[in-house]
K.L.:
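Got a structure here, written out as structure tokens. Questions coming.
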Amino acid sequence: MAVSKKGLKNSRFGLNGAHKKVGINYWRFFFNAKSRYSGVESIFFIELEMLNPWHSPAEPILGYKPRVKISEDDLQYALAGTSSALSLESEKLVTPSYVALRIGKLDSSPKHLCEYIPVKNIKFNTKPFEIISGNSKISDNELIGKISISNEDHQKHPEYLCDQGIASWNLKYDIIKESTEGYEDKTDKWFPIGMHAYFSGALSFDGVEYEVEPKKSSGYIERFWGKSFNETWFHLSSSNLTSLISGSTLFNSCFAIHGAFGEQISFLGDFEGTEIKFCADDLKRSEQTVWYCVEAPELDEDEDKRLHWSVSLNSKIWVIDIDIYCKEKDLYNRILELPEGKRKVLNMVQTSTGIGELKLYKKIKNDLEQIEFARITNVICEFGHTEDAEL
């Protein structure tokens, strides 16, 4: 599918003005891949994040890296064991600045790897759109890269906020269902540029070779840029829906939910050609929205603990109810630094093993007509909060 001019413009957008030094520019790609040896499938993500990139263009600065604030005289006092050494300020808080390339695997044994790059080492092209660093590249239809984190580096650098391992990938993608809307205000914008996308190619992760088949890839792509992350991070998306009414796979159905933008979330969906959108920035928005993520009650003593994502939307035309569950043991905990530094972070859990149901009704006068009742699998589920400094 050809992406619209507006979609291309949005996907290529970079931080400008004051946001070059204070802000986030974020590309996220999700896709399903199958092990060539075992046939086991896993959802992977690839991310490119620019965080205050021009604050320190020559070298990446990680806010979590220990920086001892001590003079030579202070060092002598410390070595001598004098009482004045007790009052030394051991940590200097800094503003992070880097470009981060990440790849991660979301399944029953999740992990992710990360490489930090100074923005001066990044090459940008607009026609055609490309972001290149060494042998890694992101373009309008291609993802190429390699990351290696040794066990020694992982032990020495906890500030990397990732795991140890090695991965490489060579992928192409095609957007099947795009959206140029989602949320926009004066400082922030989010939109699922590819609510449904086909990925193809191959990748290697910790020595396991995977292949990616287009129609089985369950691809999803989104963009975010702005001053900082949402204080509450809430996300659900999937293109794996099966009708419980007809029993048919809904090949042309997908949805994405993201927030919170203030107290609101944005919902964009396409259900076999019926497009529905409730954008949090719509000033005329009249629908009622209820959403939450909580620990689900245990039904059995032997049952694994689960999290429950719930969304209910009620407008003049539509009623939508979504309930997604995932096992807590499958959740992956990630820490992302905020642009303001001072060790402020987004503390988020995520998984791709969400399973649940979607009910779609249309209001006809005083009655509700059920349009669809679908089972949803391989749902990307995320929930988190920004947190104050860890000192």
Side-chain angles (χ1 to χ4, degrees), residues 1-4 7 11 27-34 41-47 104-107 141 143 171-182 190-201 210-224 234-258 265-278 309 311 313 318 320-326 330 350-360 371-382:
M1 170 185 169
V3 179
S4 67
S11 68
W27 288 257
R28 301 213 299 167
F29 306 83
F30 293 83
F31 55 90
N32 184 59
K34 182 174 67 174
E41 297 183 345
S42 299
I43 296 288
F44 288 83
F45 65 82
I46 292 173
E47 299 177 348
K105 177 170 67 80
L106 297 176
D107 54 17
N141 62 359
L143 303 174
L171 303 165
K172 293 187 179 296
Y173 68 90
D174 183 29
I175 293 175
I176 305 303
K177 176 61 182 180
E178 74 161 333
S179 177
T180 58
E181 298 179 87
W190 167 83
F191 63 101
I193 183 174
M195 278 201 298
H196 189 192
Y198 284 168
F199 285 76
S200 62
Y210 293 85
E211 57 185 0
V212 184
E213 300 177 27
K215 292 187 178 182
K216 297 180 179 179
S217 61
S218 304
Y220 172 79
I221 306 167
E222 71 173 18
R223 289 280 285 112
F224 172 83
F234 184 96
H235 179 92
L236 294 171
S237 59
S238 181
S239 57
N240 293 281
L241 288 82
T242 302
S243 175
L244 294 175
I245 298 174
S246 66
S248 302
T249 300
L250 303 177
F251 292 107
N252 299 311
S253 294
C254 54
F255 70 90
I257 302 169
H258 196 81
I265 58 173
S266 287
F267 173 94
L268 297 102
D270 188 336
F271 304 102
E272 303 302 291
T274 299
E275 296 187 13
I276 303 173
K277 60 181 179 181
F278 304 128
W309 277 261
V311 177
L313 300 163
W318 302 105
I320 303 173
D321 288 319
I322 299 174
D323 289 285
I324 305 295
Y325 295 87
C326 72
D330 291 340
Q350 65 178 165
T351 183
S352 68
T353 61
I355 297 174
E357 295 176 346
L358 179 147
K359 297 176 182 178
L360 173 62
I371 304 299
E372 192 54 82
F373 179 24
R375 178 176 172 80
I376 321 170
T377 58
N378 294 119
V379 185
I380 299 167
C381 309
E382 298 176 334

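Quick caveat: nothing in here was measured; it's all calculated off a predicted structure. Note that the numbering runs from 1 along the sequence shown for the chain.
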K.L.:
For the backbone of Phe251 and the side chain of Thr249, can you confirm whether one donor and one acceptor N or O come within less than 3.5 Å of each other?
P.N.:
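Checked: no pair found.
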K.L.:
Can you check whether Cys254's main-chain N or O pairs, donor with acceptor, with Ser239's side chain at less than 3.5 Å?
P.N.:
no
K.L.:
Taking the side chain as C-beta and beyond, is there a heavy-atom pair between Tyr210 and Val212 under 4.5 Å?
P.N.:
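The answer is no; the side chains never approach within 4.5 Å.
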K.L.:
Heavy atoms only: give me the nearest Phe191-Ser179 pair and the separation to one decimal.
P.N.:
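Here Phe191 and Ser179 meet closest at CD1-O, 3.3 Å.
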K.L.:
Do Asn32 and Ser218 have side-chain atoms, one donor and one acceptor, less than 3.5 Å apart?
P.N.:
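No, because no side-chain N or O of Asn32 sits under 3.5 Å from a partner of the opposite role on Ser218.
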K.L.:
Are the side chain of Ser200 and the backbone N or O of Pro214 linked by a donor-acceptor pair below 3.5 Å?
P.N.:
no
K.L.:
Evaluate side-chain contact (heavy atoms from CB on, under 4.5 Å) for Leu313 paired with Trp318, printing each intermediate quantity in order.
P.N.:
CA-CA 8 Å; Leu313 300 163; Trp318 302 105; over 6 Å; no
K.L.:
Find out whether the Lys NZ or Arg CZ of Arg223 is both under 6.0 angstrom from the six-membered ring centre of Trp190 and within 45° of the ring's axis.
P.N.:
no
K.L.:
Side chains of His258 and Ile265: does their closest heavy-atom pair fall under 4.5 Å?
P.N.:
no
K.L.:
Find the distance between CG (Leu236) and CG (Asp323) and round it off to the nearest 0.5 Å.
P.N.:
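CG of Asp323 is found 10.0 Å from CG of Leu236.
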K.L.:
Would you compute the distance between atom CD of Glu275 and atom NZ of Lys177 and round it to the nearest 0.5 angstrom?
P.N.:
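Reported to 0.5 Å precision, the distance equals 3.0 Å.
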K.L.:
Give the ring-plane orientation class for Phe30 versus His235, where under 30° counts as parallel, over 60° as perpendicular and anything between as tilted.
P.N.:
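Because their plane-to-plane angle is under 30°, the rings of Phe30 and His235 count as parallel.
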K.L.:
To the nearest 0.5 Å, how far apart are CD in Glu372 and CD1 in Ile320?
P.N.:
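Between Glu372 CD and Ile320 CD1, I get 12.0 Å after rounding to 0.5 Å.
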K.L.:
What are the two closest non-hydrogen atoms of Ser217 and Ala197, and how far apart are they?
P.N.:
OG-O, 3.6 Å
K.L.:
Looking at Tyr198 versus Tyr173, is the centre-to-centre ring distance below 6.0 Å?
P.N.:
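Distance test on ring centres: not under 6.0 Å, no.
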K.L.:
A cation-pi test, strictly: NZ or CZ of Lys359 under 6.0 Å from the centre of the six-membered ring of Phe373 and no more than 45 degrees from its axis. Yes or no?
P.N.:
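Lys359 over Phe373 ring: yes.
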K.L.:
If the threshold is 4.0 Å, N to carboxylate O, is there a salt bridge linking Glu222 and Arg28?
P.N.:
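Looking at Glu222 and Arg28, the cut-off is met.
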K.L.:
So, Ser238 side chain and Thr377 main chain: donor-acceptor pair closer than 3.5 Å or not?
P.N.:
yes
K.L.:
Test salt bridge (charged side-chain N to carboxylate O under 4.0 Å, His left out) on Asp107 and Lys105 and set out the steps.
P.N.:
CA-CA 6 Å; Asp107 54 17; Lys105 177 170 67 80; 3.1 Å; yes
K.L.:
If you take all heavy atoms of Thr351 and Cys326, which pair is closest and at what distance?
P.N.:
CG2-SG, 3.7 Å
K.L.:
How long is the straight-line distance from OG1 of Thr353 back to CG of Asp330, given to the nearest 0.5 Å?
P.N.:
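The distance works out to 4.0 Å.
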K.L.:
Taking only residues two or more places apart in sequence or in another chain, which ones pass side-chain hydrogen bond (donor to acceptor under 3.5 Å, both in side chains) with Ser248?
P.N.:
Ser246
K.L.:
Can you name the residues that form a side-chain hydrogen bond (donor to acceptor under 3.5 Å, both in side chains) with Ser253, not counting sequence neighbours?
P.N.:
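Result, side-chain hydrogen bond (donor to acceptor under 3.5 Å, both in side chains) vs Ser253: Glu272.
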K.L.:
Quick one, Ile376 and Phe255 - any side-chain contact, counting heavy atoms below 4.5 Å?
P.N.:
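The answer is yes; the side chains approach within 4.5 Å.
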K.L.:
A side-chain contact here means heavy atoms from C-beta on lying under 4.5 Å apart; do Leu250 and Phe271 qualify?
P.N.:
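Leu250 does not reach Phe271 side chain to side chain.
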K.L.:
Between Asn252 and Asp270, is any pair of side-chain heavy atoms under 4.5 Å apart?
P.N.:
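With C-beta onward as the side chain, the pair stays apart.
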K.L.:
Below 4.5 Å, heavy atoms only, C-beta onward: do Leu244 and Arg375 meet side chain to side chain?
P.N.:
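Answer yes - side chains close enough.
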K.L.:
Do the non-hydrogen side-chain atoms of Ile175 and Ile221 ever get within less than 4.5 Å of each other?
P.N.:
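A side-chain contact under 4.5 Å exists here.
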K.L.:
Under the 3.5 angstrom rule, does the side chain of Ser266 hit a backbone N or O of Gly182 as a donor-acceptor pair?
P.N.:
yes
K.L.:
How many angstroms lie between atom CZ of Phe29 and atom CD of Glu47, to the nearest 0.5 angstrom?
P.N.:
10.0 Å
K.L.:
Under 4.0 Å between a Lys/Arg side-chain N and an Asp/Glu carboxylate O for Glu211 and Lys216?
P.N.:
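Salt bridge flag = no for Lys216 with Glu211.
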K.L.:
What do the steps show when you test Trp309 against Val311 for side-chain contact (heavy atoms from CB on, under 4.5 Å), and what is the final call?
P.N.:
CA-CA 7 Å; Trp309 277 261; Val311 177; over 6 Å; no
K.L.:
Hey, are the side chains of Cys381 and Gln350 touching, using non-hydrogen atoms and a 4.5 Å cut-off?
P.N.:
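No - every pair of side-chain heavy atoms lies 4.5 Å or more apart.
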K.L.:
Under the criterion side-chain contact (heavy atoms from CB on, under 4.5 Å), I'd like the reasoning laid out for Leu171 against Ile46: C-alpha separation, chi angles, the key distance, then a yes or no.
P.N.:
CA-CA 11 Å; Leu171 303 165; Ile46 292 173; 3.9 Å; yes
K.L.:
Please lay out, stage by stage, how Ile380 and Phe45 fare under the test side-chain contact (heavy atoms from CB on, under 4.5 Å).
P.N.:
CA-CA 10 Å; Ile380 299 167; Phe45 65 82; over 6 Å; no
K.L.:
Please report the interatomic distance CG(Asn141) to CG(Asp174), rounded to the nearest 0.5 Å.
P.N.:
8.5 Å
